[in-house]
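Here is the naming used below: chain letters follow the sequence lines, and residue numbers restart at 1 for every chain. Reckoned from all heavy atoms, side chains included, excluding hydrogens, waters and symmetry mates.
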There are 2 protein chains.
Amino acid sequence: MDESPGLRERKKAATRLALHDAALRLAIDQGLDRVTIEAIADAANVSRRTFSNYFSSKEEAIFHGDTMRLRRMLELIREQPTDEQPWTVLTRAALRLTEESYLDADTEWLTHRRQLRGHPGLAAHQVAAYATVEREVAAELARRLDGDDAALRSRVLAATFLATVRVAVQGWIEHPEQPLLDAVRAALAAAAPAPTRPADLAADPTP
Amino acid sequence: MDESPGLRERKKAATRLALHDAALRLAIDQGLDRVTIEAIADAANVSRRTFSNYFSSKEEAIFHGDTMRLRRMLELIREQPTDEQPWTVLTRAALRLTEESYLDADTEWLTHRRQLRGHPGLAAHQVAAYATVEREVAAELARRLDGDDAALRSRVLAATFLATVRVAVQGWIEHPEQPLLDAVRAALAAAAPAPTRPADLAADPTP
DNA sequence: ACAAATCTTGCCCAACAGGCAAGTTTGCAC
DNA sequence: GTGCAAACTTGCCTGTTGGGCAAGATTTGT
């Protein structure tokens with residue numbers, strides 16, 4: 001396993017998390033654009049300049065939680081056996097992540113997220129967070145595929161998979177009556193690609 | 001058809017395009033972050049303040065072309081017959097768009113795009129452009145689906161479709177030896193969802 | 001032709017990104 | 001433990017940016 005990360009790294013993670021929490025909390029009860037970076041830094045007991053050393057914008061700080069979860073999902077994908085169907089691998093990783101990271105999501109967190117949603121331009125930064133890991137997921141998938149179109153297929157799989165997870169989570173945030181686990185399962189089932197069948201109906205672009 | 005848009009609208013479209021072109025050109029041969037909004041506005045013969053009336057950032061100006069093409073694709077989707085399989089509809093719209101909007105892409109434009117790629121944070125704004133139309137595509141699909149999970153499925157379809165098109169275009173920009181039309185066709189075929197089959201292998205999360 | 005709606009521009013200011021250098025903290029070898 | 005190197009924090013500073021506001025120009029509908 002990896003060694004204990006050392007004091008320095010732990011402190012960095014702590015301030016990063018403190019900034020994230022402060023940003024989230026302040027944005028929730030004042031509205032994102034009425035919160036200055038300085039206020040966030042103050043709430044986390046660091047200087048404004050230090051905030052910039054960690055995040056390049058308020059939005060990045062806000063979505064740091066998502067970023068961490070997505071990194072975790074990448075780990076979970078890497079842990080999966082390499083002799084499985086790619087979509088099965090991805091589905092299991094997503095469900096695992098949901099179990100270990102989202103089930104403890106309290107109602108409070110949900111209402112928070114629902115208040116954040118709606119702010120224009122925030123969704124853009126969320127998809128950006130997903131796009132960041134997309135390359136890495138694709139790289140991991142490429143290691144598991146072969147065939148001449150492996151490069152394309154791995155990138156398509158990574159992109160569609162992450163897009164689907166995003167849709168499932170976003171949908172659940174707005175309609176939390178159904179458990180997230182079921183939402184993720186249903187979404188991934190709906191998006192499961194058909195087993196590779198070279199020329200099918202999509203190959204006819206006429207009318 | 002719709003009336004001629006009127007002088008005012010035509011002028012607005014013209015300046016918007018001028019700003020877009022200027023932004024693209026300047027960003028290409030100076031590097032995006034060495035170009036100020038003021039320089040772009042100057043090159044388009046408007047004031048810096050007017051730039052802000054049209055775009056809220058350099059990046060938005062840069063991707064205005066993509067935005068226009070995506071809007072056009074939405075139109076193409078709406079024009080498709082309503083009694084077709086959703087993925088067929090989307091595939092045809094994407095191929096049509098490719099034919100009418102990308103085939104005239106000269107080598108110059110390609111090298112330009114390839115130089116822009118690589119700049120960190122630009123990819124984020126590109127996915128944001130795609131995310132903007134995602135809701136509208138989902139809405140159009142929802143009109144064509146029924147069943148209790150139509151809402152979820154339309155959002156999943158829209159998200160995976162746009163993600164796939166994005167991957168195809170990005171891949172083509174870096175490896176233009178294969179025609180874009182083929183890249184799009186191949187990517188969409190690889191991502192085509194399996195015909196709805198409620199409980200399949202994905203329903204078993206145990207390792 | 002005239003009034004209403006809309007666009008452009010200049011002016012302004014608070015917020016922001018990020019380079020730089022001095023001071024502080026942590027890691028590591030001895 | 002002592003000491004040195006690497007890494008981190010902070011304050012300071014400058015150029016850039018977003019967007020409110022109001023005066024003047026342009027387009028539109030009648």
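Side-chain atoms of B:Leu32 and B:Glu59, non-hydrogen and from C-beta on, do get closer than 4.5 Å to each other.
Considering every non-hydrogen atom in both B:Leu70 and B:Ala129, the closest pair reads CD1-O, 3.8 Å. Of all non-hydrogen atoms in B:Ala43 and B:Arg25, the two that sit nearest each other are CB-NH2, 4.2 Å. Across B:His125 and B:Gly121, no two heavy atoms sit closer than the pair CD2-O, 3.2 Å. Of all heavy-atom pairs between B:Val35 and B:Gln30, the closest is CG2-CB, 4.0 Å. Summarising the geometry of A:Thr15 relative to A:Lys12, their closest heavy-atom pair is OG1-O, 3.0 Å, with the distance given to 0.1 Å.
Of the residues in residues 20-32 of chain A, none has a non-hydrogen atom less than 4.0 angstrom from any atom of DNA chain D.
Ion pair B:Arg144/B:Glu84 not flagged as a salt bridge, since none of the NZ, NE, NH1 or NH2 atoms sits closer than 4.0 Å to an Asp/Glu carboxylate oxygen.
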Query raised in the report: Can A:Arg48 and A:Thr36 be said to form a side-chain contact (heavy atoms from CB on, under 4.5 Å), step by step?
Result: CA-CA 10 Å; A:Arg48 186 198 69 83; A:Thr36 70; over 6 Å; no
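Within a 6.0 Å sphere centred on CZ of A:Arg71, heavy atoms belonging to other residues, nucleotides or ligands number 12 at most. More than 12 heavy atoms of other residues, nucleotides or ligands lie within 6.0 Å of CZ in A:Arg78, so this atom counts as buried by the packing criterion.
Under the side-chain contact (heavy atoms from CB on, under 4.5 Å) criterion, B:Pro176 pairs with B:Leu110, B:Arg114, B:Trp172, not counting sequence neighbours.
Regarding A:Glu60, its CD atom lies at a distance of 14 Å from the P atom of C:dC16, rounded to whole Å. One atom, CG of B:Asn45, and another, P of C:dT8, lie 13 Å apart when rounded to the nearest Å.
Of the N and O atoms on the side chains of A:Thr88 and A:Thr91, not one donor lies less than 3.5 Å from an acceptor on the other residue.
Contacts of B:Thr50 with the nucleic acid, taken as non-hydrogen atoms under 4.0 Å apart, include base atoms.
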Report task. At under 4.0 Å between heavy atoms, which parts of nucleotides 17-27 of chain C does protein reach? Answer with one letter per nucleotide, 5' to 3': B base, S sugar-phosphate only, - none. Result -> BBBB----BBS
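Within the structure, salt bridge (charged side-chain N to carboxylate O under 4.0 Å, His left out) contacts touching residues 157-167 of chain A (residues at least two apart or in different chains) are A:Arg166-B:Glu134.
Once you apply a 4.0 Å limit to the heavy atoms of chain B, the touched nucleotides of DNA chain D run 5' to 3' over D:dT16 to D:dT28.
Comparing the end axes of the helix from C:dA1-D:dT30 to C:dC30-D:dG1, each fitted to five base pairs by superposing C1' atoms of four pairs onto the next four, gives an inter-axis angle of 50° (nearest 10 degrees).
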